[in-house]
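No experiment lies behind these values; they were computed from the predicted model shown.
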Amino acid sequence: VEEVIEQADYLYGSGETEKLYQLLVQHKNSDDADLLWRLARASRDVAQLSTTSAEKKRKLTYESLEYAKKALEKNESNSAAHKWYGICLSDVGDFEGIKTKIGNAFIIKEHFKRAIELNPKDATTIHLIGIWCYSFAEMPWYQRKIAATLFATPPTSTFQEALHYFHMAEEADPNFYSKNLLFLGKTYLKLNNKKMALLWLSKAKDYPAHTEEDKQVGNQKL
């Protein structure tokens, strides 16, 4: 298992998405949580590729959730398993409509919080809670209305809360992610602080592009 994980981490670092998935999917019946959450991540990464068909994307999205769930069953105190379960559950919501998405939101946030409890230095998960807060702070009125009819206490948040998590992520690991810089800027814009917004948006724009996502962040028109 250790050898497979070592090989997997090398492929992940090299951006070999397809190869990584092919390597890990052979071990889908493994009992190792560290291997299973990596398989969940790899399945999701293949699903996100622009070359993946809509049908395959859907199939991989549901599979990734199964692998993350299995990782949690094998080791409940594995921080990354909680993180990827939250991410994969959120992805599945995209196929199941607004009711499921809002219903799952509470569960997703709980798993992210648990991941941070287990690994307080995980800047990515802290960033994801920030995104969660930002999404609900920005939620359009008609979705709020749906949420209020479906749930006694629908999920809510504020841009201040989102800002708190984006800054917390930056403190845990400065300059770790172009999207965190972008969302710091966007959140300051929502709070009408143009000076701070400009500072963070400039940092996002100047961020060295390593991934497809970094390039998209750098090209954002605001």
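- In this structure the side chain of R114 never reaches within 4.5 angstrom of the side chain of S79, judged on heavy atoms.
- Among pairs with a residue in residues 142-164, those fulfilling ring pair (Phe, Tyr, Trp, His ring centres under 6.0 Å) read Y134-F159, at least two apart in sequence or across chains.
- Between K113 and E110 there is no salt bridge, since no side-chain N of the basic residue sits under 4.0 Å from a carboxylate O of the acidic one.
- Between L118 and E76, the shortest heavy-atom distance links the atoms CD1-O, 4.3 Å.
- With a 4.5 Å cut-off on side-chain heavy atoms, L198 and S202 count as touching.
- Across all non-hydrogen atoms, the minimal contact from P154 to A147 is CB-CB, 3.6 Å.
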Item checked: Check against side chain to side chain donor-acceptor pair (under 3.5 Å), N180 and S178 -> CA-CA 5 Å; N180 200 60; S178 57; over 6 Å; no

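- With values rounded to the nearest 0.5 angstrom, L184 atom CG is found 8.0 Å from M196 atom CE.
- In this structure a side-chain-to-backbone donor-acceptor pair under 3.5 Å is present from T187 to F183.
- Side-chain contact between D32 and L36: absent, with no pair of heavy atoms (C-beta onward) separated by less than 4.5 Å.
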Notebook entry, point to check: Under the side chain to side chain contact (heavy atoms under 4.5 Å, CB included) criterion, do F136 and T156 qualify, and how do the steps go?
Noted result: CA-CA 5 Å; F136 281 102; T156 55; 5.8 Å; no

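- In this structure, E171 CD and M168 CE are separated by 8.5 Å, a value rounded to the nearest 0.5 Å.
- For the pair R38 and Y12, the cation-pi test (distance below 6.0 Å, angle within 45°) is failed.
- One distance of note links CD1 of I5 with OG of S30; it measures 7.5 Å at 0.5 Å rounding.
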Next item on the list: Would you check, one step at a time, whether the test salt bridge (Lys or Arg N to Asp or Glu O under 4.0 Å) holds for K70 with E73?
Entry: CA-CA 5 Å; K70 201 172 158 196; E73 285 164 6; over 6 Å; no

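- Of all the heavy atoms in A47 and K57, the pair that sits closest is O-CG, 3.4 Å.
- Using a 30° and 60° split on the angle between ring planes, H127 and F166 fall in the tilted class, from 30° to 60°.
- The two residues S43 and S64 come nearest to each other via the heavy atoms CB-CB, 3.7 Å.
- Residues L39 and K28 form a side-chain contact, since some pair of their non-hydrogen atoms from C-beta on lies under 4.5 Å apart.
- Shown here is E2, whose CD atom has no more than 12 heavy atoms of other residues, nucleotides or ligands within 6.0 Å.
- In this structure, L89 is not a member of the same hydrophobic cluster as V46, with clusters built from ILVMFWY side-chain heavy atoms closer than 4.5 Å.
- Side-chain contact check for E170 versus W200: some heavy-atom pair is nearer than 4.5 Å.
- The hydrophobic cluster containing I107 also contains I102, counting ILVMFWY residues as joined when their side-chain heavy atoms lie under 4.5 angstrom apart, directly or transitively.
- Remark: aromatic rings of F112 and H82 are distant, center separation not under 6.0 Å.
- At least one side-chain heavy atom of N175 sits less than 4.5 Å from a side-chain heavy atom of Y207.
- One hydrophobic cluster, built from ILVMFWY side chains closer than 4.5 Å, cannot hold both L189 and L163; they sit in different ones.
- To the nearest 0.5 Å, atoms CD1 (I116) and CG (L128) are separated by 8.5 Å.
- With hydrophobic clusters built from ILVMFWY side chains whose heavy atoms lie under 4.5 angstrom apart, M139 shares a cluster with L150.
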Next item on the list: Using the side chain to side chain contact (heavy atoms under 4.5 Å, CB included) rule, take L191 and Q160 through it: C-alpha gap first, then chi angles, then the decisive distance, then the call.
Entry: CA-CA 8 Å; L191 296 167; Q160 275 90 353; 3.5 Å; yes

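- Smallest separation of non-hydrogen atoms from H27 and L23: CD2-O, 3.2 Å.
- Side-chain atoms of W132 come within 3.5 Å of backbone N or O of A105 as a donor-acceptor pair.
- Remark: the backbone N or O of Q48 is not paired with any side-chain donor or acceptor of T52 at under 3.5 angstrom.
- A heavy-atom distance below 4.5 Å is found between the side chains of E18 and L49.
- Environment of NZ in K69: sparse, with no more than 12 heavy atoms of neighbouring residues, nucleotides or ligands closer than 6.0 Å.
- Smallest separation of non-hydrogen atoms from I126 and A169: CG2-N, 3.6 Å.
- When hydrophobic clusters are built by joining Ile, Leu, Val, Met, Phe, Trp and Tyr residues whose side-chain heavy atoms come closer than 4.5 Å, directly or via intermediates, Y10 is not grouped with Y21.
- Classification of E138 and K190 as a salt-bridged pair holds, one side-chain N sitting under 4.0 Å from a carboxylate O.
- Atoms CG and CZ, on L65 and R44 in that order, are 11.5 Å from each other to the nearest 0.5 Å.
- Between R41 and D45, the closest side-chain pair of non-hydrogen atoms falls below 4.5 Å.
- Considering CD of E16 and CD of Q22, their distance stands at 12.0 Å, rounded to 0.5 Å.
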